[in-house]
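Along the sequence shown, the residues carry numbers beginning at 1.
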Amino acid sequence: MTRTPQLQRIEQAVLAMPMARTLGLRFTQLAPGQIEVELPITEPLTFRPGQLQATPVFAVADFAAVSAAASVLPDGWSNATVDATLKLVAPAVGRAVRARGRVVSAGQLLTVCAAEVYAIGENGEERLCATLLGTARNIKPPVPAAAG
């Protein structure tokens with residue numbers, strides 16, 4: 001896994017968020033414009049035995065897509081989700097879900113990003129369970145005040 005200082009900062013920033021820690025997120029791939037995040041399927045996140053509720057599916061997709069968008073920003077910049085649309089296409093069942101985030105179009109103010117979410121079965125097979133299309137606002141670092 002590629003771990004440039006910028007990619008390490010993205011991973012650290014996400015994993016410092018209480019929600020990411022509560023979900024048990026784990027980065028499995030980090031590259032400019034492409035981020036992969038896994039979320040274990042645990043009983044507190046399900047709505048019926050072994051099947052994730054939509055909220056954690058959305059969360060892992062959003063974290064992956066917006067992290068991918070952050071990975072192409074200039075050093076020191078950050079970003080935040082503006083909007084996102086999730087389409088559930090199959091049940092999220094198995095041992096985990098894996099979201100593959102990617103950049104669709106990077107701009108100066110906004111970055112369009114996407115993620116595909118796969119349910120990971122007990123033997124490792126992947127099954128597409130959701131897609132997300134999102135927009136992230138790119139946030140320029142504040143300019144330090146001049147000493148006076």
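Looking at F27 and E36, their side chains never come closer than 4.5 Å, going by heavy atoms from C-beta outward. By the 4.5 Å heavy-atom criterion applied to side chains, I139 and W77 are not counted as neighbours. Side-chain contact between Y118 and C129 is absent, with no heavy-atom pair separated by less than 4.5 Å.
Taking both residues in full, the closest heavy atoms of A92 and I41 are given as O-CD1, 3.7 Å, listed atom of the first, atom of the second, then distance. Closest non-hydrogen pair, P91 versus A119, comes out as O-CB, 4.2 Å. Across A130 and L88, no two heavy atoms sit closer than the pair CB-CD2, 4.0 Å. Contact record, A115 with A61: CB-O, 3.5 Å, taken as the closest heavy-atom pair. Scanning both residues, V82 and A136, for their nearest heavy atoms gives CG2-C, 4.1 Å. Of all heavy-atom pairs between G107 and N138, the closest is O-ND2, 2.9 Å.
Residues L128 and V57 do not share a hydrophobic cluster, clusters being chains of Ile/Leu/Val/Met/Phe/Trp/Tyr side chains in contact below 4.5 Å. In the hydrophobic clustering of ILVMFWY residues, with side-chain heavy atoms under 4.5 Å counting as a link, F63 and L86 come out together. Hydrophobic clustering of Ile, Leu, Val, Met, Phe, Trp and Tyr side chains at less than 4.5 Å, counting indirect connections, unites M19 with V117. With hydrophobic clusters built from ILVMFWY side chains whose heavy atoms lie under 4.5 angstrom apart, M17 shares a cluster with L132. Placement of F58 and L52 within a single hydrophobic cluster is found when ILVMFWY residues are connected by side-chain heavy-atom separations under 4.5 Å, directly or transitively.
Going from atom OG1 of T4 over to atom CG of L30 covers 8.0 Å, rounded to the nearest 0.5 Å. Interatomic distance, L110 CG to T135 OG1, rounded to the nearest 0.5 Å: 6.5 Å. Atom-to-atom distance recorded for L39:CG and L25:CG is 5.5 Å, nearest 0.5 angstrom. Atom SG of C113 and atom CG of D62 lie 7.5 Å apart (nearest 0.5 Å).
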**Q.** Pair Q12-I10, side-chain contact (heavy atoms from CB on, under 4.5 Å): steps then yes or no
**A.** CA-CA 5 Å; Q12 290 168 351; I10 292 167; over 6 Å; no
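Side chain of N79 to backbone of V66: a donor-acceptor contact under 3.5 angstrom is found. In this structure, the side chain of R127 does not engage the main chain of A90 through any donor-acceptor pair within 3.5 Å. Remark: side-chain polar atoms of T46 are paired, donor with acceptor, to backbone N or O of E43 under 3.5 angstrom. In this structure a side-chain-to-backbone donor-acceptor pair under 3.5 Å is present from S71 to G33. The main-chain N or O of A70 is found under 3.5 Å from a side-chain atom of Q6 such that the two form a donor-acceptor pair.
Paired with L23 under the rule side chain to side chain contact (heavy atoms under 4.5 Å, CB included), one option of V37, L45, V60, T42 passes, and it is L45. Tested against R98, the residues Q29, E38, E116 include a single side chain to side chain donor-acceptor pair (under 3.5 Å) partner, E38.
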